[in-house]
Engineer: 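If you scroll down you'll find the structure; I have some questions about it.
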Number of protein chains: 2
Amino acid sequence: MPLIKEAHKKFKDYLKTAKHRITPERFEVLEAALNQDGHFGADDLYVSMKSNKSNISRATVYNTLELLEQCGIVARRNFGDNISRFEASINRKNHDHLICTNCGEIKEFTSPRIQKIVDEISLELGFDPTGYSFNIFGRCTDKNCKHKHE
Amino acid sequence: MPLIKEAHKKFKDYLKTAKHRITPERFEVLEAALNQDGHFGADDLYVSMKSNKSNISRATVYNTLELLEQCGIVARRNFGDNISRFEASINRKNHDHLICTNCGEIKEFTSPRIQKIVDEISLELGFDPTGYSFNIFGRCTDKNCKHKHE
DNA sequence: TTCAGTGCAAAAACTTTGCAGGAGG
DNA sequence: CCTCCTGCAAAGTTTTTGCACTGAA
């Protein structure tokens, strides 16, 4: 099943289950979110949709991203600059991030040991984990690491 | 050496080295920051200082927290609510956080394995790490976990 | 003396909210 | 038909910036 169709179905099911209404605007946001590549801010998405002649409003974008987060189609990320970033997470492996504090480049990595630590610590401290975020900050050693400002 | 004295010295040395001026306001912010307990936001600190009759300005608080961060006296934390939190880090062991998404409670934990993962991943991907953040989100199992909103 | 640092207020950046009209169930 | 959702704009929050003055070196 193509990704977009699957996401569509998942979102629709979620909306029904959670007694949210099914509106064209919500699916418009869903598709725009899946079209973004990599990480994007809520406002980025709004601007991008607006420049594609959409009639959407800011409030709807923010509201819908929250719904998409709740049903696991997008994930909210926080890279230390006080902006909520999102990324499509449907059908993607869990992964974490390396953030270059010089050029803004974000690399991804996976390590199964991290989930293991999450579970162990949570058990130990009496905590029911729903998620985690793990970001490494530093400088990438790419020779073209300059002021690339995403 | 008492903590406050040591921090004082460290900050002074840093300011000299980095060619920043040594001003009473900066030390006022330093002391106020060390007096906060646990995690605090930049604006919290400003308000707290103001209510203690300080004549400080917002700009100075923000500016000084950045300097304190650069020299390792405070650490910036991000718990997913788009507010920069700080905490005194001088003479404290590295630690990470469990955040209860229901009551806002923040617990701390340490795990030496995390630093090991950071180093390995960085080496593997060609990255020079300067720090990391590791937050686990979930619900604490305390029976009094309600809407405690810090 | 000189210029980085300060206080103040205004602007900026991101997000949330209030309201009236409109459409989904 | 009853709400929930939408668009719009305004307000809210947190942080940054511009400017003229001050004080550290």
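Model, not experiment: these values are computed from the prediction. The chains referred to below are lettered A, B, ... by the order of the sequence lines, with proteins before strands, and numbering in each begins at 1.
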Engineer: Between P on D/dC5 and CG on A/L30, what's the gap in Å once rounded to a whole number?
Structural biologist: 16 Å
Engineer: Going by salt bridge (Lys or Arg N to Asp or Glu O under 4.0 Å), name the residues that satisfy it together with A/R26, two or more places apart in sequence or in a different chain.
Structural biologist: none
Engineer: Whole angstrom is fine here: how far is it from CG in A/L15 over to C1' in D/dC5?
Structural biologist: 12 Å
Engineer: Under 4.5 Å side-chain heavy-atom separation, chaining through any Ile, Leu, Val, Met, Phe, Trp or Tyr, what else clusters with B/I121? Say none if it is isolated.
Structural biologist: A/L98, A/F109, A/I114, A/I117, A/V118, A/I121, A/L125, A/F127, A/Y132, A/F134, A/I136, B/L98, B/F109, B/I114, B/I117, B/V118, B/L125, B/F127, B/Y132, B/F134, B/I136
Engineer: Need two values: the first and the last nucleotide of DNA chain C, 5' to 3', having an atom under 4.0 Å from any heavy-atom of chain A.
Structural biologist: C/dC14 to C/dG25
Engineer: Which atom names give the shortest non-hydrogen contact between B/R77 and B/H95, and what distance separates them?
Structural biologist: NH2-O, 3.4 Å
Engineer: Starting from A/Y62 and following side-chain heavy-atom contacts under 4.5 Å between hydrophobic residues (I, L, V, M, F, W, Y), which residues can be reached?
Structural biologist: none
Engineer: What is the distance from CG of A/N78 to P of D/dT14, rounded to the nearest Å?
Structural biologist: 14 Å
Engineer: Looking at residues at least two apart in the chain, or sitting in another chain, which of them share a salt bridge (Lys or Arg N to Asp or Glu O under 4.0 Å) with A/D43?
Structural biologist: A/R58
Engineer: When all nucleic acid strands are considered with a 4.0 Å heavy-atom cut-off, which category describes A/K50: base, sugar-phosphate, or nothing?
Structural biologist: sugar-phosphate
Engineer: Take the protein atom OH of A/Y46 and the nucleotide atom P of D/dT6, then report the distance between them rounded to whole Å.
Structural biologist: 14 Å
Engineer: Looking only at side-chain N and O atoms, does B/H20 offer a donor or acceptor that is under 3.5 Å from a partner on B/Q70?
Structural biologist: no
Engineer: Any heavy-atom pair between the side chains of B/L65 and B/F40 that's under 4.5 Å?
Structural biologist: yes
Engineer: Report yes if some heavy atom in the side chain of B/K5 is under 4.5 Å from a heavy atom in the side chain of B/K9; otherwise report no.
Structural biologist: no
Engineer: Could you run down nucleotides 15-25 of chain D 5' to 3' and tag each one B, S or - for protein heavy-atom contact under 4.0 Å?
Structural biologist: BBB-----BBS
